[in-house]
Structure formats: C-alpha cells, structure tokens
Amino acid sequence: MGGLTLNYIIRRVLIFLLTVWVSITIIFMVARLAPGDPISAMVAQASASMGVVENQDAIIEGWKEYFGLNDPIPIQYVKFLGNLLTFDFGPSLIAFPARVSELIARALPWSIGLGLVTLPLIFFIGNLFGALLAWRRTPGPLKAFIPMTMIFTSLPSVLAGLVFIFVFAFRMKLFPIAGPFGRGMQPSFTIEFISSLIHHGILPVASLVIVSFGFWTLGMRGMMVTTEGEDYMTLADAKGLPPFYVLYRYQVRNAILPQVTALAIALRTLGAGQILVEAIFSYRGIGTLIYTSIRNQDYNTIQGTSFVVILFTAVSVLIIDLIYPLIDPRISLEGN
Amino acid sequence: MAEASGQDVQRRQRKVLEVRNLRVHYETPTGDVIAVAGIDFDLYDGETLGLVGESGSGKSTAAYGILKLVQPPGRIVEGNVVLDGDELVTMNDSNFRQLRWTKLALIPQGAMNSLNPTMRVHRQITDAIEAHEGKQDKEELRQRVLDLFRMVGLPQRLYNMFPHELSGGMKQRVCIAMGIALHPTVIIADESTSALDVVVQRVVAQTMLRVKKALGVSMIMIGHDMGLMAQMVDRIAVMYAGKLVEVSPVETIFEDPLHPYSQVLIESIPSLKERKPLKITEGITHDPRNPPPGCIFQLRCPFVMEHCRSEAPPLREVKARHQVACHLYNDDGSLIEGVKVEAAV
Ligand SMILES: Nc1ncnc2c1ncn2[C@@H]1O[C@H](COP(=O)(O)OP(=O)(O)O)[C@@H](O)[C@H]1O
Ligand code: SF4
Ligand SMILES: [Mg+2]
C-alpha cells in the first residue's frame, strides 16, 4: 500500500546508527593518531593564553587520568564512546573552564535556525525555478530571467559571502557586517530584536542560497524534461485536465522524487558551506565555534563539534529517508 | 461483424468524426519524417473502425494527430479533424480542453506507464470527472468509480491502490474505465491490448467490446493483429507508411482484399489461412523522410507498373463502401487489363 513498513524503518535506523558509530570511531582514531600529545599541547596553549604556569605536570596528569589516556586502547575506546554518546566532551580550552557541551548548546540553536531557513529556501527556489524553466507554458521573459539568477552557482559560499559583505555591508551599508543580531541586544520576542535578527541573517542566508539553488534548478529541469515524455503526461493532457494541475500533480510531483533523494546527499555539502559562512559572518553558530576551536587547537571542542555536526547530518538524512516512502508509493515495495 | 438493427443502420449514416488530409511530420536533423502523409477517413456513429498496419506505419501518430497530442518534434502540418461539427485542428487549446475526454477519449498504447505512479487509481479517474463537471460529492464520485470498475470487471479493492500494485491487465482495465468515465462520443484505443500476454489480451479485448456495445460509443481501434481485429471491428482501414491504402467493411476485406499490402497482411494471419512465408520482405523499405514519388508501396509491390512510380494512386471507392489506393483497379473495382493478381496470393 506504499508508505512506511517496519522493515524499512528498522533498516534506515540501523544505517543511521552505523554512520554515527563509524564517525565516532574515526574521530577517536584521528585523535590517537595525531602527532604529538594533544593534552600537553592543550595545556601549553591554555597556559600561554591564561598565564597559568604552575602545576602544569599535575594538570597534564589529571587530564590524562580524566580522559583515561593511561588505560589500554580498548578501554579508552569504550569510555570515549560513552562520553560522546552522553555529550560529555570535556572542558573547553578557549573558554576554560566552561564545558564543550555548554558551548555547543549555546551555538546549536543559531546553526539550526540558519539551516532551517536556508535549506528549505534552496530546495524551494531551486525546484520552483527548475520546474518553471521546463514548463511549456512559462512566459518567455521569465524563462530568460531564471538563468541569469544562476550566475553564482557553484561559487564557494564563502566567496559569495565575502562579496556580499564588501558590496552590501561595507560599501552600501545596507546590512550589518557581522553577528547574528545588533550589539548590546538581548534575545527576546520583540519586534525590534526579531527585525534585527532578520536584518543580520539576510546576507549569510543569501550567500548560502545563491551558490546552491542553481544545482537544484538544473536537476529539476532535467527531471521535468524526462517526466514530460512519460505516457501518463500525455494521458493527463488527453483528459483535458487544467494545465496547472497537470504541472504540479502529474509532472512536478513525479519529477521531485529524485530531488528529495539528492537532498540527503547534498546535506553534507550544504553543512560544510554553512560552517564557513557562519565563520566569516561571526554568526555564533557551530560553524564559528569550529572555526575558533581549530584556530586555537582546542581539541575537545573540535571533537565535540565534529561529533555534533555528524550527528545532525545523520539525523537529517534519517528524516529524509523516513519521509521518502510517504511521497513515493513505490519505494517500500521495492525495498522488500 | 455486428448485425445491425434498423436503428443502428440509421445511426451509422451519421458521421461523428471526419479526418481530412491529415498530415503529421516529425522534424529530425536530416529532414522531416513523414509519419502521416495526408489521410482521409470518416467514423460513423456507433461503429468501430480498425486501423491496422505494421509497426511504424503511423497509426499512433495519426491517433495523436486527431487528439492533438502530437509531441515535439512532431507537428500537424495540415489537415482537418471534424468532431461532431467542430473543427479541432484550428480550435484554440482552452476550447478544445473542454471537448477532451467529454467527446474524445483515449485508451493509450502504453497502459503500463500511462498511470501516474504517485496517484491512487480512483483519483486518476475522478480528476478527469471533476475537471469537466466541477467538484462533486465524495460518496457519489466513489459510487461512480465503483460502477465503472464493475463495468470493466475490476474488483473494488483496487479503488485505493497505487498503479504499481496492479497487474498489466488491471492497469489496462483502469484505462478503459477512465476512457468511458464521461461517455465520450469517440474513443481511440491505441494497441490497447498489444502489451498484454495472449490470454489477458483476449479478455481485455472482450471487455472493451462489451463496454463499447453497452455505451454505443464510436471507436477507432488501432492494432497490428489482423486476427484480433477481425473479431472486434466493423470496418478496417489499412495503413502503410503514413498512407491509408484500403478502407473496407471487415467481412469484405477478409474475403476480397484489394490492395496488395492488405493481401499480405491477411495472408499472414495463421488462424484464417495456413501460414505461408511472406512473399514480400517485412518492414517499410523506403526512408520515411524521403518517400518515392508515386505509389507508397511500389518498392515492395509484386505488381508494380510503370506509372506506379510516378503517379500516386488516390484512395477511391471502387466497390460499395470499399475504398482502395492502387492503380490495379478500375473505378468499378475490376482489375485493369493484363494483370493477374491471383498469381501473387
Ligand atoms: N519522436 C519521433 N521522432 C521522429 N520520428 C518519429 C517519432 N515518433 C515516431 N516517429 C516515426 O514516425 C513513424 C510512425 O510512427 P508511429 O506513429 O509510432 O507508428 P505506429 O504506431 O504505426 O507503429 C515511424 O517512422 C516512426 O519512426
Ligand atoms: S499502385 Fe502499383 S505499386 Fe502501388 S500497390 Fe498498386 S500496383 Fe502496387
Ligand atoms: Mg503505435
């Protein structure tokens, strides 16, 4: 009957768990294989920045104990797994003694917010333009206009961001240069704050959208052309159905299916783009956190943020996988 | 084949569809493929006309031309299609959309792929109903679909299914149910049974015939199986390389095929005569972009004469209700002097 089957759900969830497990293992191995001693490096870094010099050896020993680095590798691995799964990434270095989990908890809503705005925008604009490019009844001027909006496609989003900052923030002063909201404001549900939030969000969102929606436009146009030749399209025309209904219920409805599948793959690239764009706009999200932690060799934070990014991507892919059978009635049968 | 009652005979005087000089080309980089090269025929009220010819002879293109569904790179080059007094070729799209399905329906060739895979079966019937009759009461619509299901022999449980859950025969029946949903004046069935296996083919063909009789619609039935056609249609139009070469009542053409190509087609039916190897090589031999001047069949015709190569024979009535396009016949249907057709058959 189409839709979700238990078998399908179980399989998708297993794939999700496998992804997360493999990622944790890779993070673990990278940390162990990295040259030098991360703990010593961290302490040296901390002492250099905070001027704490006494008891260095004791601190190192304490942390080694804390991370269980004196244990045999398998035990270390199990402990590491446990720590990550309980979101215990240890203390941060750059914000010592704050814990990494606190930093992440503070940054996460900003990244999720940004992602929840950009991703649907990219998908919606991209597919809408693609559908309109392919539709026979789209007015000529619109068909000529759409390709012009795609000139930024495949540029790195950072580059688009820098250009936007230079042109719209620095030169024209239409938008603020950085930050998620006006200086000195407190997050609240006031018109003032929300409009400041939107004002600050436009350039980062635009730099992410402008470089990626074109891929979806091209993909959608291709799928629309393929669908156009299907027998059910001819029959829909033969039935004398209203053209717009045929467009969305017959053509787009079928052409969009591979696009949704592609979304699961594209999430990874989009995530990477967002990290960099957040960093150049100092957007307070996970991206900025990753950027600063890498610059300051804050190992704990690097590990914690990597894990969270991987987890979020995997969760998003899982959600798409679970939604997909609901929009493609054939999928669960094929899976059996 | 159907024995016509007096009332039937009267109805059958009335033309519901007139096709005049219909010409459809497909544009290709090396020139236009002349898929339908100017065909003329009439469809009478309540009759079933069989359009036969080998694959590639232009049957589907002719059907799509009549339905104005020719897809690029194809286009209707010239001609007229008059349905119940309305000229379709020049009619604008939105006006013609009103006539689609209410007057002119299609049972498609590829029933396998003719249903929208993302839509439940019943919705693909009701969307056509609602497009032409406006929004309707849900329960009434449901009853109507179930009635249609009953007519074509589909079980009720299919109502909520998706196309991929149906067998080929079931999909074909759904298409038949869809085609008759609005009681159209004319239904065009394009090889509606060809993709099915032989047993299902017969059953679906019978369903189609039964439904057609019950509703009294006029029908153009396209196929390449002369044997199946013999049992289904009232008249047969034989198509070769974009041209109609013979149009005749079904009994007449089986007893007395006039055109050499019709003779080959009929000879190749295993059930009617013992199967013999075809005397003429199979397949259209000329380039459809560049047909020879004169008769379209000359390259395969065993009787080809000098003027066949320069002068195209027009389709003309040489016996009662029996038209042929061949230089072998005089206007009264007799053979021209000095030809022995028997030798070929
Ligand atoms: N899209 C197309 N482009 C070019 N030629 C085509 C196209 N579709 C059909 N044709 C040609 O038109 C002719 C008639 O095809 P068709 O109407 O499908 O024949 P039939 O239905 O009798 O098998 C064939 O020569 C075929 O090759
Ligand atoms: S017109 Fe000539 S070539 Fe054509 S079918 Fe008749 S005899 Fe053969
Ligand atoms: Mg065909």
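Naming: A, B, ... by sequence-line order, numbering from 1 per chain.
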Report yes if the side chains of Leu235(A) and Pro108(B) come closer than 4.5 Å at any heavy-atom pair, otherwise no. yes

Mind listing the closest non-hydrogen atom pair of Gly240(A) and Ala131(B) along with its distance? O-CB, 4.2 Å

Value for OH (Tyr64(B)) from OG1 (Thr234(A)), rounded to nearest 0.5 Å, stands at 5.5 Å

Does any part of the side chain of Arg249(A), heavy atoms only, come nearer than 4.5 Å to the side chain of Asn116(B), both counted from C-beta? yes

Residue part contacting chain B, namely of Ile327(A), when any heavy atom lies under 4.5 Å: backbone

Out of curiosity, Leu241(A) CG to His132(B) NE2, how far, rounded to the nearest 0.5 Å? 6.5 Å

Report the option among Glu130(B), Gln124(B), Gln98(B) that has the most heavy-atom pairs separated by less than 4.5 Å from atoms of chain A. Gln124(B)

CZ of Arg100(B) to CG of Asp237(A), rounded to nearest 0.5 Å, is 6.5 Å

Measuring heavy-atom distances to chain A, does Leu106(B) have an atom under 4.5 Å in its side chain, in its backbone, in both, or in neither? both

Using non-hydrogen atoms only, which part of Ala128(B) is less than 4.5 Å away from chain A: side chain, backbone, both, or neither? both

State, with a plain yes or no, whether a side-chain heavy atom of Arg97(B) is found less than 4.5 Å away from one of Pro243(A). yes

Would you say that Thr118(B) contacts Tyr250(A) through its side chain, given a criterion of any heavy-atom pair below 4.5 Å between the two side chains? no

With a 3.5 Å cut-off and no angle check, do the side chains of Tyr245(A) and Asp127(B) form a donor-acceptor pair? yes

With heavy-atom distances below 4.5 Å as the criterion, would you say the side chains of Lys239(A) and Met178(B) are in contact? yes

